[in-house]
Structure formats: structure tokens, C-alpha cells
Amino acid sequence: MRAMIPVSDQEVQDSRVNADLHDFFAEQVTRVADRLYGIALRLTRNGEDAEDVVAETVAKAWTKVGELRDPQTFEAWIQRILTNTFLSEWRHRRASPEVAMEPETDGSEDEPFSLYEKLHQPFLLWWATPEQETIAKLLREDMGRALDALVDAFRIAIVLVDVEGYSYAEAAKLLGVPIGTVRSRLARGRAQLQRALWQHAQDAGLLDQPASPKDKNV
Amino acid sequence: MSKSKMTCEEVLEYLVAYLDRETDAQTLTEIEWHLEECRGCFSRAEFERKLKAYLRESGSSRAPERLRTRIKNVIDKF
């Protein structure tokens, strides 16, 4: 007859708690996997790197799961781990962080640019549906590509604030830069982004000067 | 306090901060009052809001099955 291993009530209870925590963690990670992958893809710009960041995030998150106080905040909690995982790896890869980060420019790309103002020039006011919808569709589809084309400094600031929803202060803390730097990177990055979207719309032939109103049912 | 104290120029100056939820409560209220009454500024705010929404959407992509399997394997080892 095999000897019975004494198991205390406490051990049984602990094992149930661990099983529940494991199930909770697995369920939550499955729920937010698309979001984690999507953010990682925007941060890394590469499918394989994005998968690595997500896998590493999941492993790290499990070791910290005891720190999660409110289960309702799981998504924000693991998203922060993912962002820090990426930023830590990204800093590591760069020999001279802030020098390489700020792009050199002749200034022409830094002039303020408003897509709204461009799209609302008088000659474009005629476009309602379906042209307007086509432009909206193009903007939506091009957004990821246009964002990926920005230099790291601008792209990452925009991903943190616009894609992930961090405040300026949170983004500054995550990046280890002053809040004014975040503001400036956002302003310059957004102007470049809108300029690129405008260029894409033009290249797609969506913004050609239309025929005069009398030739067209407006 | 009278409504719509801000001019269109002032709203434009704070619009980005407003959409980023980075203004103080007073500025936020004044911008919202202005947007209720000014069609031009409302239209611009809605356009910028849409661009922000598209940006947020660009951060969601279907995780490949390969990644889902990898995640499952990582979790199963815990």
C-alpha cells in the first residue's frame, strides 16, 4: 500500500486559488491577444518581432500577476508591461538613445499641416458621399502604414498617446523624457502623419480637381 | 458664467489638448460650450476625433494562430 502524502487544508486551498488564477490569466490573455498583438505590431513594425514581444509580455505578466490589484484593469496592466518590454528592448538596441531618436530635418517637414484644412479647400467642398466615404476609407486603411513610416521618436510618441491612450505625463514617464518633449514629438509627428495621408489621397487620385459644378450634380 | 467665451482661434489653439483630454476642467467646459454652438469648430473637432479613432483602431490586429498557440504553450508551462 502506498503511503499517503499528508495534504493540509491550506495546501488544497492554495492549489485551488492557483488553478483559478491560472484560468483567469489564460482567459484574460486570450481576450486581449488581438489588442496586444496590434499594439506590438505598431511598436515593432514587424510581425515576428511583435509576436516575440507579446510572448515575452505574457511570460513577464505571469510572474507579476500577484501585483494586479483589480482584475478589471487587466488589459491596461498587461498593456503597460508590453509597452515597457518593447521600450526596454528598443533602448537596448540603440547605442546612443537620444541622439539617434531625434530626427535631423531641414525644417520643411516640420511646418504645421492640417489635413482638415486641406480637405476643406473650396474646390473640395463639393465632395460629399460617396467620395467623402472613399477618402474616409482610405484614411482608415492608410493610417497604420503612414504611422509606420514615421521616425521612431514621433511614431512611438503617437503610438503611446493615440493608439494606447496614455496621457502626456504617462508617456513622458514611460519614455523617460520631459512632458514638453512628448508634446513636441506629438505635434511634429501628427503633422507629418497628416501630410503623408494627404499625399496618399492625392496619389490615389481622390483629390483631383473636380469638373465644374454645372457639369456635376451636387 | 456666460457661454462660449472662447473665440474660434482660442478653441483651435486648445483643440489638440482637448481631444487628448489634457486641458483643465474650465477649458474643457468652455470648448464644449463653443462646440455646441459653432458648426465650423464642431466639424473640425469631429474630423480630428475620427483621425484619432482610426489611429487607435490601427492598434488592433488579429493575432496569428501561430502566436495564439505560442501563448497557450507559454501559459501551460506556468
Side-chain angles (χ1 to χ4, degrees), chain A residues 18 21-23 25-26 29-30 32-43 47-48 50-52 54-59 62-63 65 79 114-117 119-120 136 139-148 158-159 161-165 167-169 179 183 186-187 190 193-194 197, chain B residues 6-29 31-32 34-35 37-78:
Chain A
N18 281 339
L21 186 61
H22 189 274
D23 288 351
F25 185 82
V29 168
T30 304
V32 301
D34 289 349
R35 184 73 183 148
L36 292 181
Y37 177 68
I39 290 170
L41 204 53
R42 288 278 83 85
L43 287 169
E48 282 186 20
E51 289 184 32
D52 287 347
V54 173
E56 194 182 334
T57 297
V58 171
W62 176 251
T63 67
V65 74
Q79 187 178 303
S114 164
L115 190 57
Y116 179 82
E117 283 170 13
L119 287 172
H120 287 73
L139 293 180
R140 198 177 210 148
E141 288 170 354
D142 267 7
M143 195 58 87
R145 201 164 12 129
L147 184 55
D148 287 354
I158 292 177
V159 173
V161 172
D162 284 326
V163 180
E164 299 198 60
S167 67
Y168 295 173
I179 199 167
R183 252 189 223 109
L186 282 174
R190 284 165 170 170
L193 187 69
Q194 294 205 2
L197 290 169
Chain B
M6 277 194 179
T7 63
C8 293
E9 288 71 27
E10 285 169 329
V11 168
L12 190 55
E13 188 187 332
Y14 290 110
L15 190 59
V16 170
Y18 164 74
L19 293 171
D20 287 342
R21 300 187 306 275
E22 296 280 347
T23 57
D24 57 47
Q26 173 72 18
T27 308
L28 183 140
T29 306
I31 290 177
E32 288 186 340
H34 184 97
L35 295 181
E37 293 173 3
C38 176
R39 192 175 168 181
C41 288
F42 176 80
S43 164
R44 181 169 194 143
E46 282 303 293
F47 181 84
E48 301 292 346
R49 210 190 297 273
K50 254 184 211 162
L51 284 187
K52 272 181 80 72
Y54 295 160
L55 270 170
R56 182 162 172 83
E57 279 174 28
S58 80
S60 284
S61 294
R62 175 101 189 122
E65 276 314 307
R66 183 179 56 187
L67 175 61
R68 288 188 175 269
T69 306
R70 188 171 164 190
I71 289 172
K72 188 177 178 303
N73 290 338
V74 169
I75 293 176
D76 285 349
K77 283 183 196 155
F78 296 152

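Chain letters run A, B, ... following the sequence lines, proteins first, then strands; residues in each count from 1. As the structure is a computational prediction, the values presented were derived from the model and not from experiment.
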Residue Arg66(B) excluded, over 12 heavy atoms near CZ under 6.0 Å: no
Examine whether an atom of Ile39(A) lies under 4.5 Å from a heavy atom of chain B, and if so say whether it belongs to the side chain, the backbone or both; otherwise answer neither. both
Taking atom CD1 of Ile71(B) and atom CD of Glu51(A), what is their separation to the nearest 0.5 Å? 9.0 Å
d(Tyr54(B) OH, Leu193(A) CG) to nearest 0.5 Å is 13.5 Å
Of Val74(B), Val16(B), Asp20(B), the largest count of non-hydrogen pairs under 4.5 angstrom with chain A goes to Asp20(B)
Should the pair Phe78(B) and Phe25(A) be assigned to parallel (<30°), tilted (30 to 60°) or perpendicular (>60°) ring geometry? perpendicular
Examine whether an atom of Leu19(B) lies under 4.5 Å from a heavy atom of chain A, and if so say whether it belongs to the side chain, the backbone or both; otherwise answer neither. neither
Grab the two heavy atoms, one from Ser61(B) and one from Leu41(A), that are nearest each other, plus how far apart they are. OG-CD2, 3.7 Å
Segment of Thr63(A) engaging chain B (4.5 angstrom heavy-atom cut-off): neither
Count the heavy-atom pairs under 4.5 Å between each of Ala187(A), Ala59(A), Gly144(A) and chain B, then report the option with the highest count. Ala59(A)
Report which part of Arg68(B) has an atom under 4.5 Å of a heavy atom belonging to chain A: side chain, backbone, both, or neither. side chain
For chain B, the option from Glu141(A), Arg140(A), Gln194(A), Met143(A) that forms the most heavy-atom pairs under 4.5 Å: Arg140(A)
Please classify the contact between Arg42(A) and chain B as side chain, backbone, both or neither, with a heavy-atom cut-off of under 4.5 Å. side chain
State, to 0.1 Å, how close Ala55(A) and Arg70(B) come at their nearest heavy-atom pair, and which atoms those are. CB-NE, 3.5 Å
Nearest 0.5 Å please: distance from the CZ atom of Arg183(A) over to the CD atom of Glu22(B). 7.0 Å
Heavy atoms of Glu48(B) and Ser114(A) approach each other most closely as OE2-OG, 4.4 Å
Where Tyr37(A) and Ala63(B) come nearest, the two heavy atoms and their spacing: CD2-CA, 3.7 Å
Quick one: does any side-chain atom of Arg35(A) pair with a main-chain N or O of Gly59(B) as donor and acceptor, under 3.5 Å? yes
Under 4.5 Å heavy-atom distance to chain B, tell me which part of Val58(A) shows up: side chain, backbone, both or neither. both
On a heavy-atom basis, the closest approach of Ser43(B) and Tyr116(A) is OG-OH, 2.8 Å
Per-residue tally against chain A (heavy atom, under 4.5 Å) across Arg62(B), Lys72(B), Lys77(B) peaks at Arg62(B)
I'd like to verify something: which residue of Leu115(A), Leu43(A), Val159(A) has the highest number of heavy-atom pairs under 4.5 Å with chain B? Leu115(A)
